[in-house]
Amino acid sequence: MSTPTTTAIVLAAGQGTRMRSTLPKVMHEICGLPLVHYGVQAALDAGCRDVVVVVGHGRERVEPYLERAFDGRPVRTAVQHVQRGTGDAARAGLAVIGPLAERVLIMNGDVPLVRAQDLRAVCAPLEAPSMPAALAVATCVVDEPTGYGRILRRGAHVVEIREHRDLQTDDERAVREINAGFYAASAALFRDALATLGPNNAQGEVYLTDVVAFVARQGGRIEAVLLGADVLAGVNDREQLAGVSASLHARLVRKWRLEGATISDGASVDALVILAPDATVEHGAALRGTTRVERGATVGVGCVLTNVAVGEGAVIKPYTVATDARIGPHAQIGPFAHLRPESNVGEDAHVGNFVELKKTTMARGAKANHLAYLGDGVIGEGANIGAGTIFCNYDGVEKHTTTIGAGAFIGSDSQLVAPVTVGANAYVGTGTTVTRDVPADALAIGRAKQENKEGYAPRLRARLRAAKDAREKKK
Ligand code: UD1
Ligand code: CA
């Protein structure tokens with residue numbers, strides 16, 4: 001018998017009132033990705049052929065995110081227009097899945113630590129060779145069950161999930177086995193059960209959890225799949241968001257350390273970051289987005305790198321900020337450098353302190369070691385850019401390109417008024433404002449001639465002192 005394909009329905013339409021936020025709960029970020037991302041990714045990783053995300057509150061933000069993040073993957077949305085409870089949300093999801101969908105895994109969208117293996121474990125009892133279950137639910141045992149739905153059993157058999165507000169006795173309240181919010185069954189079973197449900201509970205909502213009592217009444221076998229409380233923690237408020245973020249971060253850091261990266265405590269590494277063996281990330285560094293650090297490269301204290309490719313053996317010295325940039329192998333950046341979007345620093349190139357690049361390419365071995373603004377530039381191999389150099393790229397209306405040839409030398413405190421080109425191996429004298437192209441091998445120099453007046457300094461000083469004395473006498 002072939003294993004039926006599984007469709008996941010991720011419930012993500014709730015407002016998340018307890019977050020006290022204008023942002024929908026599932027768009028709050030954990031390690032750089034919105035909450036909703038994690039459940040969807042876990043469902044795909046677990047082999048679900050189709051993932052339907054039920055959206056509602058704030059869907060104008062959730063839907064575009066899902067489209068972007070899961071482009072080309074089998075992820076769709078269903079809309080729950082009014083949030084009438086998890087049972088109603090599940091119905092909205094079931095309404096859009098295809099008639100061929102056999103098995104359905106319904107999952108809360110606010111449980112980001114869940115992994116593919118946990119989801120597979122929830123589905124497994126449906127395939128048990130001797131006695132397949134009709135319905136499987138993920139449970140865990142927690143020290144503090146307040147607020148969760150409790151797993152109620154008669155003898156060994158699960159008969160009901162009762163929400164915290166609907167508990168009646170102290171015995172029920174003392175139950176520490178709770179519902180984690182993951183349910184697997186056939187699409188037909190969910191459809192039949194949900195058709196019978198109404199809002200007969202303390203919150204006046206349609207509870208998905210009532211499917212359990214429905215199946216128990218019909219004599220169907222219900223399997224509780226006990227999983228670790230650490231992977232099933234839900235996010236309802238900001239305190240839980242912080243707790244779950246810390247757990248996920250610890251999981252990510254541990255993974256990269258075991259793969260050979262050195263990561264100091266206090267560094268932060270987002271979910272999509274990739275670290276090669278022998279990469280080093282020092283404390284206070286924040287690696288965000290799709291940043292990738294190759295073998296032997298070092299990201300120093302306090303650096304903030306967002307979507308940056310760091311080449312093998314490159315050294316990013318402390319407090320460098322870089323966004324959407326590429327740093328070549330063995331390049332040296334910082335301290336205190338700023339690489340803005342579309343900066344591309346070549347192999348062995350140097351970008352020193354207080355140097356800002358924007359949409360600028362530096363070829364192999366080029367250097368800009370101190371205090372410069374290099375915007376919209378193309379800098380050739382081995383060129384040297386002196387301290388205080390400015391690429392004047394903006395005329396108030398448009399941006400223009402400054403091109404510096406290979407081996408050229410730009411003296412300190414020069415301005416290059418773009419569009420302008422300095423040829424290969426040319427020399428620009430210190431303090432020059434370059435407004436015309438400089439041919440290869442030429443020297444460009446444009447500054448007022450210096451005049452020395454012999455013996456003038458003592459006279460100047462005497463005059464200044466006399467003026468000061470005269471002013472003070474008047475007071
Ligand atoms: C739910 C369970 C509870 C379980 C807990 C585990 C129910 C009735 N209760 O409670 O037994 O212990 O999860 O974390 O299911 N949602 C919608 N539409 C709605 C309401 C909710 O899409 O109308 C979504 C939310 O966005 C959320 C998920 O369903 O992702 C769970 O809803 P939430 O309100 O957080 O349920 P809990 O009170 O945590
Ligand atoms: Ca919840």
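The chain is numbered in sequence order, starting from 1. Read the numbers this way: they start at 1 and go in the same order the structure lists the ligands and their atoms.
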Is the shortest distance from a Lys or Arg side-chain nitrogen in [X] or [Y] to a carboxylate oxygen in the other one below 4.0 Å?
X: E294; Y: R292; result: yes
X: R340; Y: E356; result: yes
X: R153; Y: E177; result: yes
X: E163; Y: R165; result: no
X: R120; Y: E127; result: no

Identity and separation of the nearest protein heavy atom to [atom]:
atom: atom 14 (O) of ligand 1; result: N108 ND2, 3.7 Å
atom: atom 7 (C) of ligand 1; result: T86 OG1, 3.4 Å
atom: atom 27 (C) of ligand 1; result: L11 O, 3.7 Å
atom: atom 12 (O) of ligand 1; result: N179 O, 2.6 Å
atom: atom 34 (O) of ligand 1; result: R18 NH2, 4.0 Å
atom: atom 22 (O) of ligand 1; result: A13 N, 2.8 Å

Which option out of A92, C140, G14 puts a heavy atom nearest to atom 16 (N) of ligand 1? G14
May I ask which of H57, E163, Q240 has a heavy atom nearer to atom 9 (N) of ligand 1 than the others do?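 Result: the heavy atom closest to atom 9 (N) of ligand 1 is in E163.
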Would you say N108 reaches the Ca ion (ligand 2) with an N/O/S atom under 3.0 Å?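 Coordinating: no.
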Distance under 4.0 Å to a non-hydrogen atom of [X]: what atoms of ligand 1 satisfy this?
X: R84; value: 23 (O)
X: K25; value: 35 (O)
X: G149; value: 3 (C), 4 (C), 11 (O), 12 (O)
X: A89; value: 17 (C), 18 (N), 22 (O)
X: Q80; value: 17 (C), 18 (N), 19 (C), 22 (O), 23 (O)
X: G109; value: 30 (O)
X: N236; value: 35 (O), 39 (O)

Hey, which of D376, I379, T401 is the one that makes side-chain contact (heavy atoms from CB on, under 4.5 Å) with F391?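 It is I379; the other options fail the test.
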Does ligand 1 have any atom sitting under 4.0 Å from a heavy atom of I178? no
Checking the N or O distance criterion of under 3.5 Å, is ligand 1 in contact with [X]?
X: G234; result: no
X: D110; result: yes
X: L208; result: no
X: G85; result: yes
X: Y148; result: no

With a 3.5 Å cut-off and no angle check, do the side chains of [X] and [Y] form a donor-acceptor pair?
X: T77; Y: E63; result: yes
X: T290; Y: N307; result: yes
X: K317; Y: Q332; result: yes
X: H164; Y: T146; result: no
X: K359; Y: N344; result: no

Counting the benzene-type ring for Trp, do Y394 and H400 have ring centres under 6.0 Å apart?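 No, too far apart.
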Atom 36 (O) of ligand 1 touched by protein heavy atom at under 4.0 Å: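 Given the 4.0 Å limit, the answer for atom 36 (O) of ligand 1 is no, no protein heavy atom qualifies.
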Going by the angle between their ring planes, with limits at 30° and 60°, are F336 and Y319 parallel, tilted or perpendicular? parallel
I would like to know whether R91 and L197 meet side-chain contact (heavy atoms from CB on, under 4.5 Å); could you show each step before the answer? CA-CA 10 Å; R91 271 185 207 144; L197 297 187; 4.0 Å; yes
Taking the N/O/S atoms of D110 one by one, which is nearest to the Ca ion (ligand 2)? OD2
